[in-house]
Amino acid sequence: MTAPDAAQSELTRLLELFWHPVCTLDELRAVAPRPLAVTLLGRPLAVADLGGTVAAVDDRCLHRSARLSVGWVDDGAFRCGYHGWRYAPDGTCVEIPSLPDGPIPPKACLRSYDAVVTHDLVYVRIDGAADTVPPACPALDDTTMRVVAGAPYTWPVAAPRRVENFTDLAHFAWVHDGTLGRRDRPVPPVPVVRREGGEMRFEYDPPEMESEAVALYGHSAYRMPMPCTVDIGFDLGGGVRRHLWMTASPIDEASCRSFWVVARNDDHDGDDAPHLAFQDVILAEDEPLVTNQDPPEMLLDPGAEMSVRTDRVSLEYRRWLRELLAALDAGGPAAVAAALAADRVPEAAAP
Ligand code: FES
Ligand code: CO
């Protein structure tokens, strides 16, 4: 296997500045009162609803390293199952049962992380220094839309590679012949890619397709809240709009968990199943390719893989990731925030 490029750990450091979903609210509730064990960017975390506050801490008790995720939530805090140490949402140890009169060592404080619930997903941010926000999903706030969540899935591939696949226009003809693309139309358009409000944006018009599935064909507006989210708005004509939103949460450098929803402003009373089933067909087509990229890690060195002009979206995505990495290196998290906020609108399609 090719060695991952040298930028890997820096990429992890960059991704630590962003919010990523770690589980659905249902998944959290299903294990309560136990905390849920998750991994984000290589860190094992214990996540729990501590009674109105969702909290995330390192999943390792400071005493003898038992996982807090095999303990339970007790009086708004994490209770370790081994000797009962109890940790407040901010990670501070507030009780050592074998020492009822104390003292609690002043250093007995677990690392805790920013955690928030939005749209039934629990998001965690490792490092708040860049003042980032959870990725937008406008369809979820749009009351004209019926929103249906798909089942999250874990693939052994880096989150940025998952994002690239989602926005790769040249693979439709090959991987999705007959569903999203046509083998007899292998030349995709090369879109103008803009940067606006911390998102990459471009438009795409698919070829005419014949399918009886509940398919998403029509003028497609792509928004990519950096670094790991894609929201595609489909205009099916006649006022019918659909959305496909996906965020790839980086479990580590070589695997990710995708959380996704579909939304529609028509057919509110209809069956949701066909809308999800079409995506399952697409995922089944993508999986054998995307999970067999070797290495699974994202390669950001421009010489690491060959690109051609029809890779425009990927090239622009990698370019922005490299610029964010350079900003982090040169000016720290504040420079990343500035590099995210800098819009760039090309005047015309590049040649
Ligand atoms: Fe957690 Fe001892 S290992 S209390
Ligand atoms: Co695909």
Trace of the salt bridge (Lys or Arg N to Asp or Glu O under 4.0 Å) decision for Asp235 with Arg242: CA-CA 7 Å; Asp235 181 350; Arg242 305 263 171 86; over 6 Å; no
is_close_aromatic(Trp155, Tyr153), centroid dist under 6.0 Å: yes
Working for side-chain contact (heavy atoms from CB on, under 4.5 Å), residues Val117 and Leu25: CA-CA 8 Å; Val117 176; Leu25 211 44; 3.9 Å; yes
Side-chain (Ser258) to main-chain (Pro152) donor-acceptor, under 3.5 angstrom: no
Gly84 backbone acceptor or donor facing Arg79 side chain under 3.5 Å: yes
Val336 reachable from Val133 in the ILVMFWY side-chain graph, under 4.5 Å edges: no
Side-chain H-bond candidate by donor/acceptor type, Glu285 with Thr179, under 3.5 Å: yes
Leu169 CG to Ser220 OG distance, which is reported to the nearest 0.5 Å: 9.0 Å
Nearest-0.5 Å distance, OG1 of residue Thr144 to CZ of residue Arg264: 12.0 Å
Minimum side-chain heavy-atom gap Pro207-Phe172 below 4.5 Å: no
Close side-chain approach of Val193 to Arg312, heavy-atom, < 4.5 Å: yes
Shared hydrophobic cluster, Val73 / Leu45 (ILVMFWY, side-chain heavy atoms < 4.5 Å): no
Check against side-chain contact (heavy atoms from CB on, under 4.5 Å), His176 and Arg183: CA-CA 8 Å; His176 306 298; Arg183 195 70 58 84; over 6 Å; no
Between CG on residue Asp59 and OG on residue Ser69, distance to nearest 0.5 Å: 3.5 Å
Main-chain N/O of Val308 paired to Asp311 side chain as donor or acceptor, under 3.5 Å: yes
Steps toward side-chain contact (heavy atoms from CB on, under 4.5 Å) verdict (Met298, Leu321): CA-CA 11 Å; Met298 183 64 165; Leu321 285 177; 4.3 Å; yes
Flag, side chain of Trp260 to backbone of Thr247, donor-acceptor distance under 3.5 Å: no
Whether Tyr222 and Tyr204 hold their rings parallel, tilted or perpendicular, with breakpoints at 30° and 60°: perpendicular
Heavy-atom pair of closest approach, residues Ile96 and Pro105: CD1-CD, 3.7 Å
Over all atoms of both residues, closest heavy-atom pair of Cys23 and Arg257: CA-NH1, 4.2 Å
Pair Ser255, Asp252: side-chain N/O donor-acceptor within cut-off below 3.5 Å: yes
Exam field: side chain Thr167 to backbone Glu164, donor-acceptor pair closer than 3.5 Å: yes
Short side-chain donor-acceptor distance under 3.5 Å, Asp26 and Thr24: no
Thr229 and Arg223, any side-chain heavy atoms less than 4.5 Å apart: no
Where Pro274 and Asp271 come nearest, the two heavy atoms and their spacing: CD-O, 3.2 Å
Flag, side chain of Arg162 to backbone of Pro250, donor-acceptor distance under 3.5 Å: no
Side chains of Arg195 and Arg201 in contact at under 4.5 Å (non-hydrogen atoms): no
Gap separating the SG atom of Cys80 from the CG atom of Leu62, nearest 0.5 angstrom: 9.5 Å
hydrophobic_cluster_shared for Phe259 and Leu140, side chain cutoff 4.5 Å: yes
Backbone N/O of Leu300 and side chain of Arg322: donor-acceptor pair under 3.5 Å: yes
Within-4.5 Å side-chain heavy-atom neighbours: His20 and Val124: no
Smallest separation among heavy atoms of Arg111 and Ile126, with atom names: NH2-O, 3.2 Å
Reported CE-to-CG distance for the pair Met145 and Asp141, which is rounded to 0.5 angstrom: 11.5 Å
Salt bridge Arg146-Asp267, side-chain N to carboxylate O under 4.0 Å: no
Donor-acceptor pair, side chain of Tyr317 and main chain of Pro227, under 3.5 angstrom: yes
Presence of salt bridge, Asp168 and Arg161, under 4.0 angstrom: no
Side chains of Asp231 and Pro138 in contact at under 4.5 Å (non-hydrogen atoms): yes
Thr132 side chain to Gly128 backbone, donor-acceptor under 3.5 Å: no
Arg43 bridged to Glu16 by N-O distance under 4.0 Å: yes
Pairing of Arg60 and Asp58 as salt bridge, 4.0 angstrom limit: no
Cationic N near anionic O, under 4.0 Å, Glu323 to Arg318: no
Minimal non-hydrogen separation, Gly71 against Arg34, with atom names: O-NH1, 3.0 Å
Test side-chain contact (heavy atoms from CB on, under 4.5 Å) applied to Phe166 and Ile232, step by step: CA-CA 10 Å; Phe166 226 80; Ile232 314 173; 4.2 Å; yes
Cluster link Trp245 to Val122, ILVMFWY, side chain under 4.5 Å: no
CZ on Arg319 to OG on Ser314, rounded to 0.5 Å: 10.5 Å
ILVMFWY network linking Leu121 to Leu15, side-chain heavy atoms under 4.5 angstrom: no
Charged N-O contact under 4.0 Å between Glu316 and Arg194: no
Minimum side-chain heavy-atom gap Glu199-Met224 below 4.5 Å: no
Criterion side-chain contact (heavy atoms from CB on, under 4.5 Å) against Val47, the qualifying member of Leu68, Val57, Val54: Val54
Note, Val94 side chain near Tyr87 side chain (heavy atom, < 4.5 Å): no
Minimum heavy-atom distance Arg241-Asn265, with the two atoms named: N-OD1, 2.8 Å
Asp205 (side chain) donor-acceptor with Gly218 (main chain) under 3.5 angstrom: no
